[in-house]
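One structure is given below, encoded as structure tokens.
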Amino acid sequence: MPTENLFASVPPFPVDVPIARLSTISLEKLLALDEKESAKLFDGCKKDGFFLLDLRGVPIGLSLIAVVEELFKVNKTLFDEGPEELGKYTFPPPGILGYNAFGSTKVESGLPDRFEWYCMSQDDILGTAAPAPNPASIETNRTILNSFVKASHYIASQVLLQLDRHLRLPEGTLESRQKLHEESGSIIRLLKYPPQPESDRRTSLFGHTDVGTVTLLFNVLGGLQILPAGSENKEENWRYVKPQQGCVIVNLGDTMREWTGGILRSNIHRVTFPPGEQGDFTRYSLAYLMRAESGASMKRLALKGSLIEPVKQGEEEIEITADEWVSRKTALARSAKDPASARDGRGAQTS
Ligand SMILES: O=C(O)CCC(=O)C(=O)O
Ligand SMILES: [Fe+2]
């Protein structure tokens, strides 16, 4: 994503790097109830767990593009406040909100990461919960953040409605667990990846699967990579997700895989240095991570008449809540075991 202006400000994505073959779905066609487009979306969610959604051609999409362009400016201003100031908003685990300083997690090699991020809750931005303290760049931009959350939630909900239909769930089933104005676990995340020294370039953000339901990811520079379904976790198998003008990258998280008994895919992804000439530029990224409320169950939604089959004898039923899932994933990741691999998500840590 997002606009021509942002893409014009950086070198083009190179032509000689391996790119993931993902579907591009048109929001305009989805909203016009185009059957073929809707089937393409379902296929992408089953096969890849990732697709590009072209936001152009409809007012809600165009307004989100404009909002995101503004938020890329906020992203820069925020991290320009510096680690000392932002460090005042660091909260110890299990807190997932606030500031995460550069180098505070590890990548697979055991080396420190190369990103910093700042997370806010949807409930804080919408006023569903009491306002949380945030750095000045966030506080002065609450209005635009509010528009971002509303438009992102709307678009993610359109994806969920399509999935309800294909999974033969009653209309609104998936969205009803994460309504806009009800308590939610949804977050907004701003990330910064500074350019890496030419002689020492490597992964910046560990391979992981997202824990929530639907993630909307806005990138201009390359660097995001996925490990396509069925491929071994070897360096040569990782594929770049090429950012496209006017498109948001959409991916599904663990909750969707669990709710659907594995029909939908939560795919592992990571961030490495931007390819080619892009490697000399700072990479900013913006994400809306839709999550059900913290106490929501991860249990399979095997409703009568739906495509989702009840748990068979011998299969493990996940009875825990989304919160417990995160703790469990984190604990297993710490002991170098991967809970998602057992369930074909193949994610190492949690994000
Ligand atoms: O920066 C990116 O492109 C990816 C970020 C990501 O995967 C996450 O925040 O969960
Ligand atoms: Fe992620």
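In this text the structure is predicted, and so the values were computed from the model without any measurement. Every heavy atom of this structure was used, including side-chain atoms; hydrogens, water molecules and symmetry mates were not. When a ligand or atom number is given, it counts from 1 through the structure's own listing order.
- By the criterion of a heavy-atom distance under 4.0 Å, the side chain of Asp210, and not its backbone, is placed next to ligand 1.
- A ring-ring contact (aromatic ring centres under 6.0 Å, His included) check over residues 26-70, counting only residues at least two apart or in different chains, returns the pairs Phe42-His166, Phe50-His269.
- Salt bridge annotation for Lys40-Asp48: absent, with no cationic side-chain nitrogen under 4.0 angstrom from a carboxylate oxygen.
- In Ile249, neither the side chain nor the backbone holds a heavy atom less than 4.0 Å from any atom of ligand 1.
- The part of Ser285 lying near ligand 1 is the side chain, judged by heavy-atom distances below 4.0 Å.
- Neither the backbone nor the side chain of Phe115 has a heavy atom within less than 4.0 Å of ligand 1.
- The Fe ion (ligand 2) lies closest to atom OD1 when only the N/O/S atoms of Asp210 are considered.
- Glu69 places no side-chain N or O within donor-acceptor distance of the main-chain N or O of Ala66, the cut-off being under 3.5 Å.
- Every atom of ligand 1 with a heavy atom of Val271 under 4.0 Å away is listed here by number and element: 1 (O), 2 (C), 3 (O), 4 (C).
- Within ligand 1, counting atoms from 1 as listed, the ones closer than 4.0 Å to a heavy atom of Asn219 are 3 (O).
- Atoms NE2 of His208 and NE2 of His269, as seen from the Fe ion (ligand 2), are separated by an angle of 90°, to the nearest 10°.
- Phe7 and Phe281 fall within a single hydrophobic cluster, where Ile, Leu, Val, Met, Phe, Trp and Tyr side chains are chained together by heavy-atom contacts under 4.5 Å.
- Distances between N or O atoms of Arg189 and those of ligand 1 include at least one value under 3.5 Å.
- The side-chain heavy atoms of Met256 and Leu163, taken from C-beta on, include a pair separated by under 4.5 Å.
- In this structure, of Phe206, Tyr193, Phe218, the residue bringing a heavy atom nearest to atom 1 (O) of ligand 1 is Tyr193.
- Contact check for Ile25 versus Gln162: no side-chain heavy atoms found under the 4.5 Å cut-off.
- The aromatic rings of Tyr118 and Tyr89 lie perpendicular to each other, with more than 60° between the two planes, well past the 30° mark.
- Numbered from 1 in the order shown, with element, the atoms of ligand 1 that lie under 4.0 Å from a heavy atom of His269 read 7 (O).
- Ligand 1 has Arg283 within reach: a non-hydrogen atom of the residue lies less than 4.0 Å from it.
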Exercise. Under the side-chain contact (heavy atoms from CB on, under 4.5 Å) rule, what do Leu180 and Lys150 come out as? Steps first, then yes or no, please.
Key: CA-CA 8 Å; Leu180 185 63; Lys150 285 184 179 150; 4.2 Å; yes
